**Student:** 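Just dropping this structure here.
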Amino acid sequence: ERYAEAVRAVRHCALSLVGEPIIYPQINTFLDLLHARGISSFMVTNAQFPEQMETLRPCTQLYISIDAPTQPQLKAVDRPLFGDFWERFLDCVDQLKTKQQRTVFR
């Protein structure tokens, strides 16, 4: 009974801090399920997956983590997996302009 009550009380879902949520294969389906139940979605991405950013359905709030202001500093701080990490980052930043939801650099 308490579990059912708690489930009904959920109003917000944070999709961040553990891995990169934007690359979860069913992220758009999950967002749809949250929104269909009136649950807001807050997503943080590291801006390394421009293809997924392009196909991402709207979430309530979409954040890009800005860990450093320059390419050399970002490489030192984040230790990126991709050789073209800076281009991926800039591509995601450009895409953020086209999103029709609240967007933030943090």
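Computed from a prediction, not measured in an experiment: that's the story for all the values here. Just the heavy atoms: all of them, side chains too, but no hydrogens, waters or symmetry mates, feed the values below.
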**Student:** Closest heavy-atom contact between I39 and C13?
**Tutor:**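 Closest heavy-atom pair between I39 and C13: CG2-N, 3.9 Å.
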**Student:** Is L15 close to F30 at the side-chain level, that is, under 4.5 Å between some pair of heavy atoms?
**Tutor:**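 In contact.
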**Student:** Do you see a donor-acceptor pair shorter than 3.5 Å between the side chains of E20 and T45?
**Tutor:**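 Side chains of E20 and T45: pair found under 3.5 Å.
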**Student:** So which atom in Q101 and which in P58 form the shortest heavy-atom distance, rounded to 0.1 Å?
**Tutor:** OE1-CA, 3.0 Å
**Student:** What's the shortest heavy-atom distance between P50 and D91, and which atoms?
**Tutor:** CB-OD2, 3.2 Å
**Student:** Restricting to non-hydrogen atoms, name the atom on H35 and the atom on T60 that form the minimum distance, rounded to 0.1 Å.
**Tutor:**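 The answer is NE2-OG1, 3.8 Å.
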**Student:** Please tell me whether Q61 and Y63 have a donor and an acceptor in their side chains that are separated by less than 3.5 angstrom.
**Tutor:**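 Yes, side-chain donor-acceptor contact under 3.5 Å.
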**Student:** Which distance, rounded to the nearest 0.5 Å, do you find between the CG of L81 and the CZ of R88?
**Tutor:** 9.0 Å
**Student:** Determine, step by step, whether K99 and L56 satisfy the side chain to side chain contact (heavy atoms under 4.5 Å, CB included) criterion, reporting the C-alpha distance in whole Å, the side-chain angles of both residues, the deciding distance to 0.1 Å, and the verdict.
**Tutor:** CA-CA 9 Å; K99 298 293 183 182; L56 183 68; 4.2 Å; yes
**Student:** Under a 4.0 Å N-O cut-off, is there an ion pair linking D78 with K75?
**Tutor:**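 Not counted as a salt bridge, because no side-chain N and carboxylate O are separated by less than 4.0 Å.
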**Student:** Are E87 and F89 side-chain neighbours, meaning at least one heavy-atom pair lies under 4.5 Å?
**Tutor:** no
**Student:** Is any side-chain heavy atom of I23 closer than 4.5 Å to one of Q48?
**Tutor:**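 Contact flag for Q48/I23 side chains = no.
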**Student:** Within this structure, what is the CG-OG distance for the pair L34 and S41, rounded to the nearest 0.5 Å?
**Tutor:**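 Atom-to-atom, L34:CG and S41:OG are 6.0 Å apart.
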**Student:** Could you tell me the separation between the CD atom of Q26 and the CG atom of L33, rounded to the nearest 0.5 Å?
**Tutor:** 9.5 Å
**Student:** Can you tell me how far apart OH (Y24) and OG1 (T29) are? Round to the nearest 0.5 Å.
**Tutor:** 8.0 Å
**Student:** Please check this pair: side chain of R11 against backbone of G38, looking for a donor-acceptor N/O pair closer than 3.5 Å.
**Tutor:**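 Checking the backbone N and O of G38 against the side chain of R11, a donor-acceptor pair under 3.5 Å is found.
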**Student:** Which residue is it: Q52, E51, M53? I am looking for the one with a side chain to side chain contact (heavy atoms under 4.5 Å, CB included) to C92.
**Tutor:** M53
**Student:** Identify the two heavy atoms, one from P69 and one from W86, that lie closest to each other, and give their separation to 0.1 Å.
**Tutor:**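 For P69 versus W86, the nearest heavy atoms are O-CH2, 4.0 Å.
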**Student:** Going by heavy atoms in the side chains, are I64 and I66 under 4.5 Å from each other?
**Tutor:** yes
**Student:** Tell me, do L96 and F105 make a side-chain contact under 4.5 Å, heavy atoms counted?
**Tutor:** yes
**Student:** Might you point out which heavy atoms bring A76 and R79 nearest each other, and give the distance in Å?
**Tutor:**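 Residues A76 and R79, closest heavy atoms: O-CG, 3.9 Å.
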**Student:** Distance alone, cut at 3.5 Å: any donor-acceptor contact between the side chains of Q95 and T98?
**Tutor:** no
